[in-house]
Every structure is written in structure tokens, then in C-alpha cells.
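So the structure is just underneath, and the comments pick up after that.
Note on naming: letters A, B, ... go to the chains in the order of the sequence lines (proteins, then strands), and numbering restarts at 1 for each one.
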Number of protein chains: 2
Amino acid sequence: MPKIPHHPGNSLIDSPPTIQWDTDHIKIIDQTLLPSALKVIELRSVSDVVDAIGRLAIRGAPAIGACGAYGIVVALDEGYAAGGSNSTIAAKDILAKAAHLIGNTRPTAVNLAWAVERVQTGAMLGTSPEEVRSLALSIANDIFDEDRAACDAIGTFGAVELAEHKTILTHCNAGRLATAGIGTALGVIYGKAREGQEVEVFSSETRPLLQGARLTAWELSMAEIPVTVFPDSAGSSLLASGRIDAVIVGSDRIAANGDIANKIGTLSHALAARAASVPFYVAAPTSTLDPHTATGAEIEIEQRIPEEVEGFGDCRSTPVGVAVWNPAFDITPADLVTAIITEVGVLRPDYGKSIANALELASLANPPTPEEQQ
Amino acid sequence: MPKIPHHPGNSLIDSPPTIQWDTDHIKIIDQTLLPSALKVIELRSVSDVVDAIGRLAIRGAPAIGACGAYGIVVALDEGYAAGGSNSTIAAKDILAKAAHLIGNTRPTAVNLAWAVERVQTGAMLGTSPEEVRSLALSIANDIFDEDRAACDAIGTFGAVELAEHKTILTHCNAGRLATAGIGTALGVIYGKAREGQEVEVFSSETRPLLQGARLTAWELSMAEIPVTVFPDSAGSSLLASGRIDAVIVGSDRIAANGDIANKIGTLSHALAARAASVPFYVAAPTSTLDPHTATGAEIEIEQRIPEEVEGFGDCRSTPVGVAVWNPAFDITPADLVTAIITEVGVLRPDYGKSIANALELASLANPPTPEEQQ
């Protein structure tokens with residue numbers, strides 16, 4: 001019987017949460033050490049927060065968003081302790097500086113900037129240093145809780161959508177280590193297990209940083225869900241073998257037409273799934289839908305440093321002086337996507353329409369604040 | 001100006017050959033040490049030969065075939081020195097035992113068993129220990145020379161076929177490190193350079209054993225041909241980007257219908273090439289064509305040990321206890337293959353016919369020995 005993490009409520013997993021607020025500091029699992037070591041570290045200053053996000057001790061757009069939001073509260077406490085608590089103006093100055101600093105730690109992670117801005121905007125309404133801090137914490141808690149709820153809803157919708165699919169291929173890590181909740185793609189896996197459905201996962205290792213081998217395999221093992229790791233290069237053959245019932249991945253940005261930006265390698269699995277007539281699902285909260293980007297061609301692909309590919313740990317594989325091409329993401333065209341599972345429901349082609357509808361639904365569920373309406 | 005290796009004739013590359021016979025022993029580059037160290041080791045006993053092939057110090061079906069063939073000569077010298085040179089019967093006993101031992105070192109490498117059997121069959125005609133040895137060496141030299149000539153011819157045909165294609169994607173290593181000559185897939189690259197054509201290569205790193213990052217990048221760098229390494233997962237995106245003019249790979253076995261067995265990950269590139277309308281070529285000698293295998297579905301796929309995927313050098317990435325799926329090869333359906341470049345010419349669909357014709361041509365070029373005809 002799998003140990004299913006679920007939110008809200010207590011986790012059944014014998015492991016600390018990915019991110020947690022504790023009185024006056026943030027606790028996170030240091031993901032750079034997984035799976036060799038499971039270590040919780042405390043972030044008690046702005047530099048702690050910036051460092052943790054920058055070196056990928058915490059990663060995954062939703063998880064980074066929550067961390068950045070709580071990071072503003074840490075910044076206020078740090079600033080007040082250093083003598084900035086004697087005026088509301090000084091408090092708002094601390095707020096603005098921290099929002100700028102933390103929000104730019106990883107410029108391509110949309111959720112981080114979004115979350116930090118949301119905390120800043122709300123906390124600016126405070127009329128005392130204490131109220132600025134309490135508003136910031138309240139909004140950070142909202143972001144955290146909304147992410148948990150979105151993951152849960154994605155798990156519920158996904159369990160219905162994939163009810164007949166037992167053996168699932170996933171890529172990278174879009175699980176509880178990437179969110180405040182049970183994850184997006186892996187949220188669907190946990191959702192299936194929660195419903196008592198049989199489920200088994202094949203996880204790509206996900207070069208260069210091996211989030212599949214290190215993180216997805218680890219968190220599914222902890223949940224006692226059967227998981228098999230394969231080299232990225234074996235995904236097409238695995239799909240052609242007939243052993244896979246469905247593919248499910250997360251996303252970093254979804255264009256208005258349904259084109260999907262996700263971890264490099266996603267496109268290979270989508271093409272192989274199409275060739276093998278296996279459904280290809282994307283799971284993501286509506287905050288990942290980007291109505292301002294018409295198609296995937298407009299999405300800038302982050303190029304990462306060659307060192308990630310040149311070796312692993314202390315082992316060097318590529319000869320010195322050889323060029324490396326190391327894009328972080330690829331674009332999967334909408335026509336390869338069977339459906340997009342969100343917290344407001346399952347979106348199907350024509351994505352231009354279904355994405356617009358989902359955004360409308362999401363805005364009704366989370367109406368803008370009076371500040372945002374101005 | 002690239003430094004083009006070419007055979008016959010002296011190599012322009014400032015590096016020892018992959019394999020070489022020297023009076024009474026074999027010299028090989030120990031490929032397990034590349035690219036960190038370029039070390040030539042000497043194989044002076046049967047156990048040296050078996051060990052080198054078994055631990056992949058020498059790899060690539062044609063290179064292993066040549067090594068196994070010379071290994072028989074090493075075995076005879078070793079046996080004679082130990083007192084087995086006083087009768088022709090004793091010599092043939094040494095021959096048979098060595099052929100069995102060396103030929104089974106890697107059972108899936110078809111070329112090894114083929115080469116060893118060819119040496120054994122020819123040398124059995126000797127009427128003295130000296131003649132047994134001289135026949136064995138002569139046939140081993142034939143195998144070596146024929147492989148070099150086949151690579152050269154593939155390079156020549158390939159340069160014509162790919163004359164308009166500058167930027168080439170390849171997978172794994174089918175180069176001079178995999179053959180006695182200039183390689184098959186990389187033979188075409190060197191063939192293009194030899195003709196003065198501009199050429200640039202994108203090499204997948206080729207997890208799990210990184211033959212692309214370690215070996216292809218190394219040998220192309222030595223030849224001063226521009227090479228860029230990318231994670232296997234980025235191949236589809238690279239092909240979709242429009243930067244690649246053609247894909248070329250080697251093969252371990254080609255079924256009678258043109259289905260291609262090759263290093264795991266080949267299928268991903270073939271699917272992505274088709275999606276991007278990029279031609280997908282296979283380069284292989286006619287000895288790789290297998291008329292006894294009707295389609296790719298009949299080809300058994302070797303499963304390799306999980307340890308290759310669980311980590312990288314001394315760094316462990318996959319949690320202990322997690323299952324691993326690690327197939328060595330995949331099957332690319334013939335309908336994704338633009339053409340097959342062999343030493344007797346370029347084969348095109350319908351492959352059932354063109355492969356049969358190529359085998360007929362090859363058998364005319366290398367008629368069976370009287371022994372084989374019996």
C-alpha cells in the first residue's frame with residue numbers, strides 16, 4: 001500500500017516537507033544532497049534565501065515561489081532586528097529592497113517574481129511595521145496554501161483522467177520536491193494512488209542535473225510507489241515497447257496556443273509517445289498558463305553552463321575545449337499534447353479556447369485584491 | 001584545415017591508431033581512460049586480449065573483430081612458447097581453444113565471433129605449426145585491411161551523398177575508435193573533410209557510458225573538426241531548431257528489411273529528424289547487414305547492468321533499491337531511414353531489395369574460400 005502524501009492534512013510519508021515556515025524562519029530540504037543525504041536546512045536571512053534558491057537547494061517553480069514569499073518575511077525580521085522597526089516607511093523600504101533582491105535570484109522562474117511581487121503589493125498596505133510583517137506572512141501563507149490546494153486538485157482531476165493508465169512515464173521532477181504540495185505531474189501519480197489505483201512509474205534520469213534519477217526516484221520510493229529509472233536516450237524505445245500507458249510531465253510555461261515549455265527532453269518523449277500512440281499529458285497549475293505568449297516560438301530558451309554537461313560531480317567526461325550545447329528547456333508543440341491537467345479541470349484542444357476558459361475560471365476563484373484592481 | 005585520418009597511408013593525426021599489430025603483440029588505445037588519458041597498452045596473452053575486450057578497453061564491433069583475429073596469433077605464440085609448437089595437432093588444439101575463448105568474450109558483438117571463426121577456419125589448413133601461425137596472421141591482416149578499406153569506401157560514398165550537408169548530428173561513437181579504419185558514421189565525416197567540404201558535428205553525450213562525450217568528441221577534436229556535445233535529451237530540440245542538416249549513425253545489426261539496431265537513443269534522433277524533415281543516414285559495412293533476421297522485431301536487445309545508470313564515475317545519482325531499465329540498443333524502423341551508406345554503395349528503399357543486392361555485390365568482392373564453399 002503506497003504511502004501517499006496528501007495536503008491538506010498530515011503527510012503519511014516519513015520525511016520532512018520540501019518547504020515549511022517555522023515561527024521566524026524557513027525550513028527546506030537541501031535538494032542538492034539528495035538522494036545521498038536528507039538534510040533540512042534553515043533560512044534565517046535574505047542571503048540564506050538567495051543562496052538556497054540560487055544553488056538549487058530548493059527548485060521547482062511553485063516551491064521557489066513559496067520560498068521567495070516567505071523570504072520577504074525573513075527579510076523584514078532581519079531588517080527590524082537591525083533597527084528598521086521604528087517606522088512604517090523604513091519597513092516598506094526593507095520590503096521593497098528584499099522583493100527586488102529575492103525576486104531576481106532566478107530571473108526565468110516566473111513563479112518567484114510573481115510570488116514576491118504579490119507579497120510586496122499586499123504588505124505595502126500595512127500601516128505599521130507589525131502590520132507590514134503580518135500582511136506579508138499572511139500572503140505568503142496564502143501562496144503556500146493555494147499551491148498545496150492546486151496540487152491536490154490536479155491529483156484529483158488526473159486520477160479520473162488517467163484512471164485506466166497504470167504504467168506512467170515521467171521526465172525530470174514535477175513532484176512534491178518541486179511544489180509546496182504533492183506536485184503536478186507526480187501529483188497525478190499520488191492522486192491515482194490515493195484513489196487506490198495501481199500505479200507504476202518509469203522516470204527518465206534527466207541529464208544533465210539528474211532530477212529524475214535523484215529526486216523523482218527518491219520521492220516515489222519514499223511513497224512506496226514502484227519506480228524504474230532509465231537513461232533519457234531509452235525513452236523512445238521504452239514507449240515503442242508497449243509497456244507505457246501514458247506520459248505525464250509538468251511545465252514551466254504554457255503558451256496561449258497550448259505549446260509547452262518544459263525540461264529539455266520533453267519533446268523526445270512527446271514525439272515517441274505520438275509514434276507509439278501513447279497519450280501525452282501535461283499537469284500544471286493555471287499560473288503556468290501564459291496568455292501573453294502566443295506560441296512556443298516566442299518562449300526564450302535558457303542556455304545553461306557547459307559544466308553541467310562536461311561531467312558529473314568530480315568526474316569529467318567531455319574533452320577540455322569541446323563546445324557544449326546545454327538548453328534547459330524545449331518546446332513541445334500543442335498538437336502532441338493529449339490534455340493539460342490543471343486545478344480548474346482538464347483542458348483539451350482547441351487549447352486556444354480551453355486555456356482562455358481556464359484562466360477565466362481561475363480568476364473567478366482568486367479575484368484580484370482591491371490594490372490589484374486599481 | 002582539419003587533420004584527416006586516412007587509410008591506407010599515414011594518419012595525419014598526432015595519435016596512435018586504435019589497434020595495431022606489432023611483431024608478436026597487439027597495441028591498442030585503452031578507451032576506458034579517454035579523454036582523460038591517451039594510453040597505449042600491449043596485449044601479449046590470451047588473457048590480456050579477453051580482458052581488454054571484456055572491460056571495453058577496445059570497443060566497436062569492427063575494432064573488436066580485428067582485435068579478436070590478432071588475438072588468435074597471440075594465443076598461438078603463447079601456446080608454442082609453453083611447449084605446444086612440436087606438432088601440428090597441438091597447434092590446431094591451441095587454435096580451437098583460443099577461438100572459443102576469445103570468440104565468446106562478448107557474445108552479442110557479431111563481428112568478434114565472425115572474425116575469430118574466419119581466422120580459425122583458414123589457419124586450420126596449415127600443415128605445420130609455423131604455417132598455422134602464418135595463415136592466422138595473414139587472415140587477421142586481411143580482416144584488418146578489409147575493415148580499413150570498407151571505412152574508406154563508406155567515407156567516399158558518404159561524402160558524395162552528404163555533399164550539401166554541413167552540420168551533422170551523430171550519436172555514440174562509430175569512428176576510428178570503433179574500427180580499424182576511419183570509422184563508419186564518422187568515416188563519412190572524415191570523408192567529407194577529405195573532400196574539402198565544410199563539416200561541423202553535434203555529438204550526443206550518449207548515456208550511460210558517454211561514448212559520444214568521451215570518444216567522438218575526443219577523436220573529432222584530434223582531427224580538428226568542430227564538435228559540440230549535447231545531452232541526449234536535447235537531440236529532439238536541436239533537430240527542431242533547424243541547425244542540423246543531416247543525422248548519421250552507425251549500426252550493430254541491420255535486418256533484411258532495413259530496420260536498424262544501434263545504440264540506445266538512436267530511435268529518438270530518427271523520430272525527431274523525421275518531425276523536422278532532416279535526412280537520417282546509417283553508415284555500416286555490409287558485414288552488418290543480416291539477411292537471416294527478417295525485421296527489427298527479431299533482434300534481441302541486450303540489457304546491461306544497472307550500475308551503468310545508477311551513477312557516474314564515483315558519484316551515485318539513483319537512490320539505492322530503485323530499479324533501472326538499461327537496454328544497450330534500440331530499433332529504428334526502416335521507414336525512418338533515408339539511406340544506408342555501405343562500402344559497396346548507398347542503399348535506398350525498398351531496403352528488402354537494396355540490401356539483398358548489396359550482399360550479392362559484397363560476396364562477389366570477397367568470394368568464399370574453398371573451405372567455406374565446402
Identify which of L267(B), L215(B), L220(B), T266(B) forms the greatest number of heavy-atom pairs closer than 4.5 Å to chain A.
-> L267(B)
Examine whether an atom of L210(B) lies under 4.5 Å from a heavy atom of chain A, and if so say whether it belongs to the side chain, the backbone or both; otherwise answer neither.
-> side chain
Under 4.5 Å from a heavy atom of chain A, the part of A240(B) involved | side chain
What are the two closest heavy atoms between P16(B) and V40(B), and how far apart are they?
-> CG-CG2, 3.4 Å
Tell me, with the steps shown, if R253(B) and T293(B) meet side-chain hydrogen bond (donor to acceptor under 3.5 Å, both in side chains).
-> CA-CA 9 Å; R253(B) 192 176 350 179; T293(B) 298; 3.0 Å; yes
Highest number of heavy-atom pairs under 4.5 Å with chain A among I301(B), V320(B), T318(B) belongs to T318(B)
Considering the options E308(A), R304(A), E310(A), which one meets the side-chain hydrogen bond (donor to acceptor under 3.5 Å, both in side chains) requirement together with N326(A)?
-> E308(A)
So which of K263(B), R274(B), H269(B), E205(B) has the largest heavy-atom pair count under 4.5 angstrom toward chain A?
-> E205(B)
Max heavy-atom pairs within cutoff under 4.5 Å with chain A, candidates L239(B), T332(B), V309(B), goes to V309(B)
Can you tell which of G212(B), S236(B), G265(B) has the highest number of heavy-atom pairs within less than 4.5 Å of chain A?
-> S236(B)
Residue pair F329(B) / S237(A): nearest heavy atoms and the distance that separates them = O-OG, 4.5 Å
Verdict with supporting geometry, T167(B) and R243(B), side-chain hydrogen bond (donor to acceptor under 3.5 Å, both in side chains) = CA-CA 7 Å; T167(B) 306; R243(B) 298 170 68 180; over 6 Å; no
Using non-hydrogen atoms and a 4.5 Å limit, figure out which bit of A234(B) sits close to chain A: side chain, backbone, both or neither.
-> both
Would you check, one step at a time, whether the test side-chain hydrogen bond (donor to acceptor under 3.5 Å, both in side chains) holds for T216(B) with N173(B)?
-> CA-CA 5 Å; T216(B) 293; N173(B) 176 267; 3.1 Å; yes
Quick one: what part of L34(B) sits under 4.5 Å from any heavy atom of chain A, side chain, backbone, both or neither?
-> neither
Using non-hydrogen atoms and a 4.5 Å limit, figure out which bit of S221(A) sits close to chain B: side chain, backbone, both or neither.
-> side chain
Q303(A) atom CD, over 12 foreign heavy atoms within 6.0 Å = yes
Which pair of heavy atoms, one from D232(A) and one from S204(A), lies closest together, and at what distance?
-> OD1-CB, 3.3 Å
Go through the atoms of P231(B) and report whether side chain, backbone, both or neither lie under 4.5 Å from a heavy atom of chain A.
-> both
